[in-house]
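Each remark here refers to the structure printed beneath this line.
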Amino acid sequence: MSSGADSFVFQYLAPFVGVLLIAVGIAGAVPGGYAVIEPDLENCGNPTIGVEEPERTAERFSEGGPGPRLPQLAFEDLSSAEQTAFLTAVDDPVGEEQVVGSVPNADAFRRGAVVTYEGEQYYVTIVAENTCFAAAPLQFPLGVFAIALGFLGVLAPPLYRRLVRLDQRAGRSN
């Protein structure tokens with residue numbers, strides 16, 4: 001049943017191709033799988049705002065004249081998600097917090113805005129967009145298929161040896 005060329009293919013080439021398929025499959029399945037579950041994680045698509053203290057804001061805009069023309073927002077004009085993130089960022093030692101929910105003032109925050117809260121002005125800007133990871137829709141299933149096919153290639157030598165033994169036993173019994 002076996003010849004030298006068959007033995008080389010099943011003993012060496014099939015496992016080598018199998019290992020390559022497993023490597024390519026892992027490279028495709030891991031990012032593809034992450035792209036599938038990432039929207040369920042709270043971090044995806046919610047921007048992070050940074051809020052400066054009133055003293056730092058006054059220092060930033062009082063030097064050298066009127067300063068840049070930034071959007072002026074009252075705290076009451078912010079959405080409830082923006083208000084929650086703003087208050088949390090004010091209490092945060094770093095001054096940053098993720099906005100979980102609607103962000104109608106995102107454009108103003110991207111350019112930098114001054115928010116008036118309890119008579120004091122705070123400079124607010126988006127410090128991270130936290131965009132979602134994009135992957136091709138078939139990347140995850142094709143990666144899993146390549147891994148499964150690769151395992152068949154790796155398992156080819158023991159299966160081939162078993163088939164040869166069965167063939168030899170059948171030859172002896174005849």
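Residues take their numbers from the sequence shown, with the count starting at 1.
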Where [X] and [Y] come nearest, the two heavy atoms and their spacing:
{"X": "Gln139", "Y": "Gly28", "answer": "CG-O, 3.1 Å"}
{"X": "Pro47", "Y": "Asn130", "answer": "C-ND2, 3.9 Å"}
{"X": "Ile26", "Y": "Pro31", "answer": "O-CD, 4.1 Å"}
{"X": "Glu82", "Y": "Ala106", "answer": "OE2-N, 4.3 Å"}
{"X": "Cys44", "Y": "Glu38", "answer": "CB-O, 3.6 Å"}
{"X": "Gly32", "Y": "Ala135", "answer": "CA-CB, 4.2 Å"}

CZ on Arg60 to CD on Glu53, rounded to 0.5 Å: 12.0 Å

Measuring from atom CD of Gln98 to atom OG1 of Thr84, what distance do you get when rounded to the nearest 0.5 angstrom? 13.0 Å

Using the rule that Ile, Leu, Val, Met, Phe, Trp and Tyr join whenever any side-chain heavy atoms are under 4.5 Å apart, tell me whether [X] and [Y] fall into a single cluster.
{"X": "Phe109", "Y": "Val90", "value": "yes"}
{"X": "Val30", "Y": "Ile22", "value": "yes"}
{"X": "Leu13", "Y": "Leu149", "value": "yes"}
{"X": "Val127", "Y": "Leu87", "value": "no"}

Is there a donor-acceptor contact under 3.5 Å from the side chain of [X] to the main chain of [Y]?
{"X": "Asn46", "Y": "Val100", "value": "no"}
{"X": "Thr125", "Y": "Gly50", "value": "no"}
{"X": "Thr88", "Y": "Glu97", "value": "no"}

Could you tell me whether Glu129 atom CD has more than 12 heavy atoms of other residues or ligands within 6.0 Å of it? yes

Could you list all the ring-ring contact (aromatic ring centres under 6.0 Å, His included) pairs where at least one residue sits in residues 131-154, not counting sequence neighbours? none

Is there a side-chain contact between [X] and [Y] (heavy atoms, below 4.5 Å)?
{"X": "Arg161", "Y": "Gln11", "result": "yes"}
{"X": "Val115", "Y": "Leu73", "result": "yes"}
{"X": "Tyr122", "Y": "Pro54", "result": "yes"}

Taking side chain to side chain contact (heavy atoms under 4.5 Å, CB included) as the criterion, tell me which of Val17, Leu21, Val19 meets it with Val154. Val19

Going by the side chain to side chain contact (heavy atoms under 4.5 Å, CB included) test, name the single residue among Ile49, Thr48, Asp107 that passes it with Ile126. Ile49

Ring pair (Phe, Tyr, Trp, His ring centres under 6.0 Å) with Phe75: which residues, sequence neighbours excluded? Phe86, Tyr117

